[in-house]
Every structure is written in C-alpha cells, then in structure tokens.
Amino acid sequence: MKRTHRCTELTTADVGKEVVVMGWVQRRRDLGKLIFVTLRDRSGIIQVVFNSETNPELHEKASQVRSEYVLAVRGTLARRSEEAINRNMVTGEIEIIASELRILNKSEVPPFHIEENVDANEALRLKYRYLDLRRPHLQRNLHLRHRIAKIARDYYDDNGFYEIETPFLTKSTPEGARDYLVPSRVHPGKFYALPQSPQIFKQLLMVSGFDRYMQIVKCFRDEDLRADRQPEFTQIDLEMSFVDMEDVIAVNEGFISRLFRETLGLDIPVPFKRLTYKEAMERYGSDKPDTRFGLELVNISDLVAESGFKVFRDAVENGGSVRAINAKGAGAKFSRKEIDALGEVVKTYKAKGLAWMVVEAEGLKSPIAKFLTETEIGQIKERLGAEPGDLLLFVADKDEIVFDALGHLRLELGEKLGLIDHKRYDVLWVTEFPLLEYDEEEQRWVAKHHPFTAPMDEDIDYLDTDPGRVRSKAYDMVINGYEVGGGSIRIHSQELQARMFRVIGLSDEQAGERFGFMLDAFKYGTPPHGGMAFGLDRLTMLLAGTDNIRDVIAFPKVQTAACLMSNAPDVVDEKQLEELHIKTTVNDKSEA
RNA sequence: GGCCCGGUAGUUCAGAUGGUUAGAACGCUAGCCUGUCACGCUAGAGGCCGAGGGUUCGAGUCCCUUCCGGGUCGCCA
C-alpha cells in the first residue's frame with residue numbers, strides 16, 4: 001500500500017475517492033459490530049469506520065487494534081450523515097470507510113495518553129519524549145521552528161549573506177560563561193571548548209572578506225538553566241562588513257518584520273521603537289522591558305531627600321534613589337496580605353523593603369505616612385498622578401537595586417492586575433548600553449557585552465579615566481520583555497582592541513594567549529564590521545506563545561542539564577577515560 | 001550554593017487530629033453493544049505511599065537525611 005494523503009489533507013472535495021492513509025491510532029471506539037478508529041499523523045486526525053456487516057474479516061482485524069498501533073488503511077472517503085458530523089474536528093464532516101487494514105506495527109500501552117491536553121507530569125513526558133512529541137502542540141511548535149529557520153535562511157540569502165559553518169571543537173575563552181570542555185586524546189591534558197557563540201570566528205570571516213555571513217548554529221554555555229534557558233541552544237548568527245549600527249538594525253528589522261508576517265500574519269511596522277539603556281532602566285527598571293503595559297517607574301528622590309523618613313533620606317544621601325510605581329486601582333483590590341507578598345518579591349532582588357501607600361478619598365493608609373509631612377505626601381501623590389483606590393509602592397536603595405526590584409515588581413503587578421495583552425507583540429531596540437560594568441568580586445571592570453564591542457565615539461576618551469561612563473555601540477532586540485537578540489559594532493582597530501583588553505585587566509601577554517590569533521588577524525586589514533545574533537529558541541517561544549523553552553526544542557534538558565530520555569550525562573568506561581588521560585576526583589561508589 | 005513548590009495504582013489526584021484491609025477518576029484486561037467521537041454498560045487486574053533512618057504499641061501522615069522534578073536568586077561576556 002502507498003499512502004495517498006495525510007489525514008487532514010482530505011476534504012469534502014475528495015468524497016468518493018479511494019484513499020490510503022497511514023498513522024497512529026489516536027482512539028478506538030468499539031461499538032460491537034461497528035468500530036471507529038481515529039487515525040493520527042503529523043497533519044492531524046481522521047476517523048476510519050470498520051463495519052462487520054459489510055466486511056466481517058476486516059472488522060475482526062480492527063478489533064485487535066489498540067492505542068498507538070501503526071496502521072495503513074485503504075478505504076473510500078465518505079461524507080458523514082448530518083447527525084454524525086463532528087464540528088470539533090477539522091475532518092469532522094468526512095470519514096474513511098475502510099476496505100483494507102494493515103497493522104504496520106503494534107504498540108505497548110503508552111505510559112501516558114497522547115492527546116492535546118496532557119495531564120501527565122513533564123518529567124515522565126521527557127523520559128518518553130518521542131511519545132510526547134506526537135502531540136499536536138509539539139508537532140506544531142517544531143514545525144514553526146522549522147519555518148523560522150527557513151525564513152531566516154531565505155531572508156539573509158536574499159540580502160547577500162553566505163551561510164558558513166564554524167568549528168564546535170575550539171578554544172576556551174575564559175571571559176563570559178563557563179565553557180563545556182572536550183578532552184583531547186591526541187594532546188594529553190589539553191581540552192577543546194564548545195563555543196558559547198561563534199563570535200571570534202565570524203569576525204575572522206569578515207577579515208577574510210566574506211562581507212556578509214550568517215549561520216544557524218548551536219551554542220553551549222555551562223550555566224544553570226531557567227524556563228527560557230538551555231545549556232545548548234541555537235542562534236541565528238550574523239555579521240556584516242562596512243556597516244554601522246543603522247545598517248545592522250535596518251537589515252534585522254527587515255528579518256523580524258518578515259518573520260512575523262510570514263508566520264503569524266502580523267504586521268510589525270519598521271523602524272522599530274528604540275529606547276536607550278538609560279531610559280529603559282529609568283522607566284521600566286529593566287534593560288529588556290516589557291512595554292505592553294504602563295506602570296512606569298517614577299523618581300521621587302528630590303521630593304524626599306530631606307525627608308523625616310530616614311530610609312528615604314539615607315538612600316538619596318548615599319547616592320542612591322527613591323523610586324515608585326503607581327499600581328492603578330490596586331489599593332482597592334489588594335488585601336494587606338497581598339501587599340506584604342509584594343514586599344517579598346522585592347526582597348528577592350535585595351531591596352530591604354517595600355514602602356506603600358493606599359490612596360483613599362480621605363487621606364491615605366500607609367505605614368510610612370507618619371514619617372512624612374503633608375507637603376511631601378501631596379507632592380508624591382501629585383507626581384505619581386495618584387487617585388483614590390491607587391496603591392503606591394516605593395523602593396529606596398542604590399539605583400541598581402531599586403531598578404531591579406521595581407522592574408520585577410512591575411512585571412508581577414502587570415500580570416496580577418491583568419494589564420498584559422498576551423496577543424500583542426511589542427518589538428523594540430535597546431541601545432547605548434554601558435560598555436563595561438564593575439565586577440565587585442573580581443575587583444575589575446568587565447565587558448558587559450563582550451570585549452570586542454566598540455565604544456561610542458564620543459565616549460572613547462573616558463575609557464581610561466571613567467570606564468563606567470563609556471557607552472557602547474551595542475544593541476539588543478527586545479520582544480515582550482524577552483531579549484531575543486543582541487549585537488554590536490565591533491572594534492576593528494588593533495590599537496583600540498589592545499586598549500580595551502587593558503581596561504578589563506588583561507595584560508598584553510594574557511590577551512595574546514587567549515586571543516592571539518585574533519589580534520594577529522586584525523593586523524592584516526580588518527574591515528569595519530558588526531553583527532548580531534538572535535536566540536532561535538526564544539523567538540520560537542514567542543511566536544508559539546509559550547513561556548517554556550522546552551516546548552520548542554525536540555530533545556531538551558531538565559534543570560540539572562540532564563536528558564531524562566537518554567540519561568546523559570553518564571559515566572563512561574575506564575578505558576575511555578584512560579585514552580583521554582582523564583581521572584576524576586569523584587569516588588566511583590557514589591556514582592553507582 | 002540559597003529560597004519556594006511538588007513526589008501515593010500505568011496516569012491525574014484524594015487520603016483532619018498518627019489507628020484495622022490505602023480510595024476515586026481515567027487508562028488497562030475480558031464480556032456485551034451498528035453511528036461513536038472523552039461512546040455506553042458489566043466484571044476484573046493493578047500499590048516498595050520516591051529512598052534511607054528515627055519517634056511511637058502503631059507512620060502514607062510527625063522528625064532528620066537523601067534522591068528526583070519544577071520555579072527562582074546567584075550565575076548566564
């Protein structure tokens with residue numbers, strides 16, 4: 001038998017035709033002399049009918065069929081009678097009257113029922129991932145992922161990009177995330193590192209004159225997982241020569257715009273909104289703001305700098321700030337307990353506490369009111385546009401903590417107050433990032449983006465005198481509060497690059513050891529260049545409307561970076577370790 | 001590494017205050033059933049209550065340790 005159609009390719013237009021479908025048994029409904037089987041393939045499901053009256057042998061065979069058996073069915077496509085139509089099914093108006101059945105394979109009873117609304121827990125489903133992947137939801141997500149990759153390749157090809165592969169077995173670069181290491185058999189005691197990104201290689205391709213490069217590529221970072229983070233993930237990576245930031249932005253706006261149009265049919269007009277890093281932090285408390293709703297931060301430092309409330313006054317005196325959010329209407333909605341819970345949220349981000357005021361028609365309810373004058377309260381209310389029923393929330397601390405705490409509180413409030421339109425996509429750029437940030441632990445400046453990012457021309461002079469003030473030619477693309485991509489114009493001058501390394505505390509010698517080949521390359525005519533990379537997984541999540549990255553990866557890992565299906569990572573033979581000149585410090589009893 | 005949540009039939013869950021033989025639904029098996037589509041009806045099988053230790057006359061329940069899964073902080077140039 002040869003398959004003629006996928007299940008849902010059949011329509012009322014095909015009624016009367018002899019067809020052959022192949023797939024899995026979704027459900028069998030055995031009414032005795034009449035058996036209905038819903039057959040599933042990647043397109044969806046269709047009902048097959050076996051009638052003992054018209055074909056007793058066939059009916060007998062159909063009665064042996066169970067869930068997830070693999071069948072080939074030949075039959076005549078028929079229109080269902082009016083009463084038998086199932087409006088909830090794509091193929092609910094038709095069915096196949098079977099004339100031949102082949103059981104291509106049997107199946108054990110699956111550990112969970114494979115249907116759209118699974119209730120089995122995720123760990124079990126991950127162990128049997130190949131079964132979970134049969135669900136329409138995951139089939140759709142991976143199809144969407146395929147289409148995004150296809151559109152990316154088409155779009156960048158249309159714009160003159162070459163897809164070029166870069167090595168996975170490469171050299172460890174200690175800046176940034178922890179590396180996954182691969183031991184070398186041939187070079188005892190030496191290790192390759194899996195790339196955190198193809199950053200250096202793509203820049204070298206610019207030195208080589210390829211002009212425009214792109215690649216859909218796996219990247220590896222040995223850091224702890226999150227709902228939107230996996231240890232191996234995929235980037236749509238690209239780099240361009242002879243461009244400035246506006247060129248890179250324009251090309252990639254074109255891509256995102258086309259992506260939304262061709263996948264969701266949505267029009268995202270270009271140019272996209274832009275926020276500077278400073279503005280994003282001051283208004284949203286985040287460098288990846290979700291701009292689908294308001295609740296913006298308001299600085300009230302000047303109003304309370306001299307205040308009788310010590311917490312506020314001290315914060316301002318110590319160079320920090322006092323900022324607030326007006327949670328419109330929440331004063332009337334939230335109980336005391338719920339407000340206290342918000343206090344716990346900000347404590348997660350190191351804020352010492354959350355001050356609050358419930359604005360009422362006559363005065364206000366607030367534990368801090370007694371520390372403030374009538375005038376101060378009046379000014380605060382005015383600046384926050386407070387009206388009766390509002391809840392005003394304050395954090396006073398170093399700016400960094402205030403932004404972090406209120407930024408996350410804002411997201412929590414947006415969700416709680418139902419202010420987020422989940423059908424909406426807000427796409428924007430965040431620009432003018434700080435080039436460097438001070439690492440307290442290591443007592444040195446580190447690159448915020450990576451050490452090849454170019455400083456903004458007007459700030460270069462501060463590189464040695466006031467490094468924290470230098471802004472970079474970096475840009476992130478943010479959609480609905482997710483950083484979906486980022487990039488920068490790179491340093492292409494050998495001198496500036498050396499200066500950058502010095503600022504982040506890398507001696508010429510260390511820089512030479514780590515990036516020598518790159519510095520060498522830069523001596524031979526490096527074009528001005530820049531680029532960016534998109535997180536394919538996150539883009540797919542957003543377009544699929546899920547907040548779980550495992551929903552868009554065929555074989556994802558769990559929080560401990562293990563694969564529940566294959567049981568990776570696992571112990572290996574002693575012989576393998578010997579060949580690699582490796583001895584672990586782990587007592588093998590504890591591993592058994 | 002820290003904090004929070006969870007772990008009881010194949011699955012999803014219920015099991016006040018510790019108390020005889022641990023329940024339900026779905027699934028599974030068998031029988032009946034010609035228009036079902038979460039088919040229906042009848043019967044049946046199915047449990048190391050995540051693991052180890054402790055308290056107790058007695059532990060699914062209380063205590064300690066540990067393992068597994070999720071979220072999150074740190075981390076993620």
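These numbers come from the heavy atoms of this one structure, side chains and all, not from hydrogens, waters or symmetry mates. Letters go in sequence order (proteins before strands), and every chain restarts at 1.
Contacts of A:R87 with the nucleic acid, taken as non-hydrogen atoms under 4.0 Å apart, are absent. Nucleic acid contact class of A:Q26 (heavy atoms, under 4.0 Å, all strands): none. Using a 4.0 Å heavy-atom distance criterion, A:I504 is classed as making no nucleic acid contact. Looking at heavy-atom distances under 4.0 Å, A:D222 makes no contact with the nucleic acid at all. Nucleic acid contact class of A:L564 (heavy atoms, under 4.0 Å, all strands): sugar-phosphate only. Using a 4.0 Å heavy-atom criterion, one finds that A:R66 contacts the sugar-phosphate atoms exclusively. Within the 4.0 angstrom heavy-atom criterion, only backbone atoms of the sugar-phosphate kind lie near A:Y349; the bases stay farther away. Among the atoms of the strands shown, only primed sugar atoms or phosphate atoms (P, OP1, OP2) are found under 4.0 Å from some heavy atom of A:V558.
Evaluation of atom-type donor-acceptor distances gives a pair under 3.5 Å for the side chain of A:Q559 against the base of B:G71. Side chain A:R221 to base B:C75: no donor-acceptor pair is found below 3.5 Å. Checked by distance alone, A:E115 brings no side-chain donor or acceptor within 3.5 Å of a matching partner on the base of B:G27. For B:G6, the base has no donor-acceptor partner in the side chain of A:N121 [N/O atoms by modelled type, under 3.5 angstrom]. Not a single donor-acceptor contact under 3.5 angstrom links the side-chain atoms of A:R226 to the base of B:G70.
Distance, A:E415 CD to B:G71 C1': 14 Å, rounded to whole Å. The separation between A:E442 atom CD and B:G74 atom P is 17 Å, rounded to whole Å. One can place NZ of A:K350 at 7 Å from P of B:C75, the figure rounded to the nearest angstrom. Taking atom CD on A:E93 and atom C1' on B:G35, their separation rounds to 16 Å, with Å as the unit. Protein atom CD of A:E223 is 12 Å distant from nucleotide atom P of B:G74, rounded to whole Å.
Looking at the side chain of A:R80, the nearest of the listed nucleotides B:G71, B:C75, B:G35 is B:G35. For A:A84, whose side chain is taken as the heavy atoms from C-beta onward, the closest listed nucleotide among B:G1, B:C37, B:C76 is B:C37.
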Exercise. Would A:R80 and A:E93 satisfy salt bridge (Lys or Arg N to Asp or Glu O under 4.0 Å), going step by step from the backbone distance to the final call?
Worked result: CA-CA 6 Å; A:R80 297 195 196 181; A:E93 287 185 59; over 6 Å; no
Problem set entry | Pair A:R499-A:D464, salt bridge (Lys or Arg N to Asp or Glu O under 4.0 Å): steps then yes or no | CA-CA 9 Å; A:R499 209 168 141 199; A:D464 305 297; 3.2 Å; yes
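Between A:R490 and A:E239 there is a salt bridge, since at least one side-chain N of the basic residue sits less than 4.0 Å from a carboxylate O of the acidic one. A salt bridge links A:R40 with A:E68; the closest basic N to acidic carboxylate O contact falls under 4.0 Å.
In this structure, A:F36 packs face-to-face on the six-membered ring of B:U36, meeting both the 5.5 Å centre cutoff and the 30° plane limit.
Between A:L181 atom CG and A:L194 atom CG the span is 8.0 Å, to the nearest 0.5 Å. Put simply, OG1 on A:T8 and CD1 on A:I45 are 9.5 Å apart, with the number rounded to the nearest 0.5 Å. Of the inter-residue distances, the one linking A:E116 atom CD with A:L138 atom CG reads 8.5 Å to the nearest 0.5 angstrom. To the nearest 0.5 Å, the span separating CG on A:L126 from CE on A:M565 amounts to 9.5 Å.
Only the C1' atoms considered, B:U56 is 45 Å distant from B:U42, to the nearest whole Å. For B:U17 and B:A43, the C1' atoms lie 38 Å apart once the distance is rounded to whole Å. B:C67 and B:G15 are spaced 28 Å apart, taking the P atom of each and rounding to whole Å. When the C1' atom is compared between B:C73 and B:U20, the two are found 48 Å apart, to the nearest whole Å.
Judged by closest nucleotide on RNA chain B, A:I85 is the one of A:T348 and A:I85 placed further toward the 5' end. When the nearest nucleotides of RNA chain B are assigned to A:A120 and A:T38 by heavy-atom distance, the more 5′-ward of the two goes with A:A120.
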N/O-N/O pairs, protein side and nucleotides 39-42 of chain B side, under 3.5 Å:
from, atom 1, to, atom 2, distance (Å)
B:C39, OP1, A:R27, NH1, 3.0
B:C39, OP2, A:R27, NE, 3.4
B:C39, OP2, A:R29, NH1, 2.9
B:C39, N4, A:D30, O, 2.4

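Between B:U12 and A:R125, no contact under 4.0 Å exists linking OP1 or OP2 to a side-chain N or O. Between A:T560 and B:C68, a side-chain N or O to OP1/OP2 separation shorter than 4.0 Å is absent.
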